[in-house]
Amino acid sequence: MVRSLRILGILCLLASALGLYLALAPSSPRPRSAELGDPAAESEPRIDELSAPLPSSREESVDALRVAAEAAPSAALPRDLIVRVLDARAQPVSDIPVELWTELAEPDAKGNWQLDLQTFTPRERTPRGDLAIPSTVLATAFGKAREARAAGHAASAILRAESELLACTSYEFRDLTEPENAVELRLAPSGFLRIEATLPDGTPATHPLQVLVASTAETSPFALPRHLRGRTRFQALEPQRSRLRVPLATPLRVEIEAHRDLGLLAHRAELLGPAEEGGEVLLRVPLRRATILVGRLLSADGAPLVRRELFVQCLRDGAGRTLPEEATDHEGRFRIVLDDDPPPSHLIELRIFPLPAEDAWQNPTELERRPHAVVRDLALAPSGTTELGDVVLTASEHHFLAAGTVVDASGAPVSHALVHACRGTVDQALSATLSFCTTEGRFELYSPEPLARLLVVARSSGYYLERAVEAEAGDRDVRIVLQRTGWIEGRILVPEGFPPNALHIRRSADGAVRATTTAADDGRFRFEQCTPGRHGLSFHMFPWPPVLVLDDLAVDRSERCTDPRLREIDLRSLVTALRIRALDTRAEPLPRKGLNLRLRAAEDVVLEISTDDAGRCTIPLPSHLSSVELALPGGPFLSVAVGPGEHDVQLEAPIELALVLDPAPALPPDVQLSASVIPLDADEALVRTGRLAYGTIYFREGEARWRVATPGRYALRWSVHAEHAKRSPIELAESAPRALAVQHGSSPQRFAVAPPAELLHAALTELSIK
């Protein structure tokens, strides 16, 4: 007994020594990874920061990670970002993917918002609902955002849940660095929509359903920026097993896409979302059969049209519609599905057009000239499937003229070229013969009238035809060779601050303007579709004559213009830019304000310009101008000298006049009273004669409004208008019109006015108005 106790004591001492040794031994680093299902990732959500700057491409990101690891071998490698989506009860959600957006705050010059988008749908989630975003993907997204910021655009990287229907918080990487901890995205209160679909025979549907759910009420999709709100998509659901997450107590519109392969109709329904968090609404959908037409399509000689794509039109109850594209099988049989709801019982007309064998080019106007099948007064079987039997193509009322191929100089086919026939000369084109080539360059020409001989011409973007091709009626081997056009490209040099797109560049040839374009921000421009020959370029700024004209630019066959003058077109001594900051009378900026620019040197032309958010504006001008005049609409013009630097321009607002008829004359319903406000000089004489010199104002309900530029004395010149009178309007010319004394001060200034009673009565009498 004692011996046994001794042995037990020795074993305990050995175990204690071993435990002490393991506790004091240096521990090896535990592997850190963000793989789904990794216990380390679940217990340690903290993420290390990158020690190297994040690059802008995937390849650069890999190199950056390698360099960072070599520079600091003892530091841990960057970990993937952990993202969790939680519902309103802070429970993990496993049915909504996560999107990583790299986007701009404002669209670029091409109208694009999105720089990059990646969606992450894990195959397996951890019990806590974690989702791993690879660090290399984040590096690429951050790099794209930094490139956009370097180009002067406000860009950001954002994480959000992929849900167009359900509101969800988002996370923005403001400083384009990884957060230290996991990112949590929270959904608004939501429940589930489950769909159980049955086939027409009552058995459960086993094929995936394409379901679209939209809200019929105004929701708050704060997870999406304004330019993305309202986007929808179909989602595939496995019947009897899947469900969709939807908002609570919200009216929903559900649409199940028609399954044409199965001959099923689309289903639409409206229902209310679940009432409580995590609740479920069940929608039972009895799918119905669509009307199906089957048959075999034969050519005029009785041969089946095998594997031909079809273009189908049907006429029902006086309304025609085009059906989705169909095709024949290896025996020439076709199957046409009519998804009308309710299913029709009768068709007035059914047209079947075989498309060219090489392409599915849909052009009904052209196809009607070719042989096609027409079935009229068609009664449909109530069972859902109607057997049409053999349907034979019949010749159209058009006559076949010619067929052939359009190729380029190397013999390669030119796809989708436009081909038409001409009678006699190319100026006598027959519009009814227009044809579109297939991807193989094939074309067929038909005409309402027969032609023994014809000219065939073709055109396509980037090509030109040297001469028309002569053909005989019935010729099926017409070959049209198109030559590639050249191009003219160059670069303009403009002063600093001058917008290059303010210059309109016109290309002319044979004495006529052929195209107009503007230069890009770097001054480069390009003209396509230039045929060989001599061309000219002119650089315009409205409303002045061209600031520069380049003549005799040679374009050779299939080459660009190599004129050395195009390399750098120096306009720095010919144009300038006036930079202003528009201010009001209190020296406050006028943001987003429209201003009038008057150009005395251009026959008193007035242009409208706009200021930015800070009241600034850049005005491109030809260099010969020494000054321009600026004004608020209706206000006085202020002369501004053209020169370098920014000019503060303090503008006066116009003075608004409120003119009230007192006493108001009694006029017939079809007669209107109007007046023109005209300034008076020091001798009380009209500065300008003429009724419409300063515009016409009409009195409605006894009052009219007008604006004048400066204080002073103004007169009214009255007129009456009658719709039925031959001589209208009639001016009430006073020898000494009453003056209105407009002063500085508040606006509007009210004046009681009235037309001369005797002159008004005489004018009404002249218009034969009692």
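Within the model, atoms OG1 of Thr169 and CG of Leu187 stand 7.5 Å from one another, a figure rounded to the nearest 0.5 Å. Ser396 contributes atom OG, which lies 9.5 Å from atom CZ of Arg369 (distance to the nearest 0.5 angstrom). Between atom CZ of residue Arg514 and atom OG1 of residue Thr516 there is a gap of 12.0 Å, rounded to the nearest 0.5 Å. Here the CZ atom belonging to Arg484 is positioned 9.0 Å from the OG atom belonging to Ser460, to the nearest 0.5 angstrom. Atom CZ of Arg284 sits about 4.5 Å away from atom CG of Leu282, to the nearest 0.5 Å. Here the SG-CG distance, from Cys422 to Leu454, works out to 8.5 Å after rounding to the nearest 0.5 Å.
With a 6.0 Å radius and a threshold of 12 heavy atoms from other residues, nucleotides or ligands, Glu276 has its CD atom at or below the threshold. Open room surrounds CZ on Arg479; 12 or fewer heavy atoms of other groups in view lie less than 6.0 Å from it.
Judged purely by atom type and a 3.5 angstrom limit, Glu277 uses its side chain to pair as donor or acceptor with the backbone of Ser190. When atom types are taken as modelled, the side chain of Arg307 and the backbone of Asp329 share no donor-acceptor pair closer than 3.5 angstrom. No donor-acceptor pair under 3.5 Å is formed between the side chain of Thr328 and the backbone N or O of Arg333. Judged by distance alone, with hydrogens and angles left aside, the side-chain atoms of Thr405 form no donor-acceptor pair with the main-chain N or O of Asp477 at under 3.5 Å. Between the Thr386 side chain and the Ala381 main chain, a donor and an acceptor come within less than 3.5 Å of each other. Within the 3.5 Å criterion, the main-chain N or O of Gly202 finds no donor-acceptor partner in the side chain of Thr198. Side-chain atoms of Thr250 come within 3.5 Å of backbone N or O of Leu248 as a donor-acceptor pair.
Closest approach of Ala141 to Thr102, counting heavy atoms only: CB-OG1, 3.3 Å. In plain terms, the two heavy atoms of Gly191 and Pro274 that are nearest each other are CA-CG, 3.5 Å. Closest approach of Ile488 and Arg507 over heavy atoms only: CD1-CD, 4.1 Å. Taking every heavy atom of both residues into account, Pro343 and Arg289 meet most closely at CG-O, 4.4 Å. Nearest heavy-atom pair across Arg308 and Leu355 is NH2-O, 2.8 Å. Heavy-atom minimum distance, Leu465 versus Val481: CD1-O, 3.4 Å.
Between Leu293 and Leu347 the shortest side-chain heavy-atom distance falls below 4.5 Å. Considering only heavy atoms from C-beta on, Tyr463 stays 4.5 Å or farther from Gln529 through its side chain. Considering only heavy atoms from C-beta on, Leu287 stays 4.5 Å or farther from Leu265 through its side chain. Looking at heavy atoms from C-beta onward, Val98 lies out of side-chain contact with Thr119 at the 4.5 angstrom threshold. Side-chain atoms of Leu388 and Phe334, non-hydrogen and from C-beta on, do get closer than 4.5 Å to each other. Taking the side chain as every heavy atom from C-beta outward, His207 and Leu199 approach each other to under 4.5 Å. At least one side-chain heavy atom of Val406 sits less than 4.5 Å from a side-chain heavy atom of Phe443. The shortest distance between side-chain heavy atoms of Glu255 and His267 does not fall below 4.5 Å.
With hydrogens and angles left out, the side-chain atoms of Glu528 and Thr485 include no donor and acceptor closer than 3.5 Å. In this structure, a donor-acceptor pair under 3.5 Å is present between the side chains of Glu99 and Trp101.
Ionic pairing of Arg296 and Asp390 is present here: one or more N-O contacts between side-chain nitrogen and carboxylate oxygen are shorter than 4.0 angstrom. Glu270 and Arg253 are not joined by a salt bridge, as no carboxylate oxygen comes within less than 4.0 angstrom of a charged side-chain nitrogen. Under 4.0 Å is where a charged nitrogen must lie from a carboxylate oxygen, and between Arg194 and Glu280 at least one such pair does. Contact check on Arg370 versus Glu444 returns a salt bridge, with a Lys/Arg side-chain nitrogen under 4.0 Å from an Asp/Glu carboxylate oxygen. Arg423 has no carboxylate O lying under 4.0 Å from a charged side-chain N of Glu470, or vice versa, which leaves the two without a salt bridge.
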Using the salt bridge (Lys or Arg N to Asp or Glu O under 4.0 Å) rule, take Glu349 and Arg376 through it: C-alpha gap first, then chi angles, then the decisive distance, then the call.
CA-CA 4 Å; Glu349 187 177 82; Arg376 294 184 174 88; 3.2 Å; yes
Run the salt bridge (Lys or Arg N to Asp or Glu O under 4.0 Å) test on Lys144 and Asp116 for me, step by step, so that the C-alpha distance in whole Å, both residues' side-chain angles and the decisive distance to 0.1 Å come before the verdict.
CA-CA 8 Å; Lys144 291 181 179 293; Asp116 189 38; 5.4 Å; no
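A search for ring-ring contact (aromatic ring centres under 6.0 Å, His included) contacts involving Phe400 returns Tyr446, not counting sequence neighbours.
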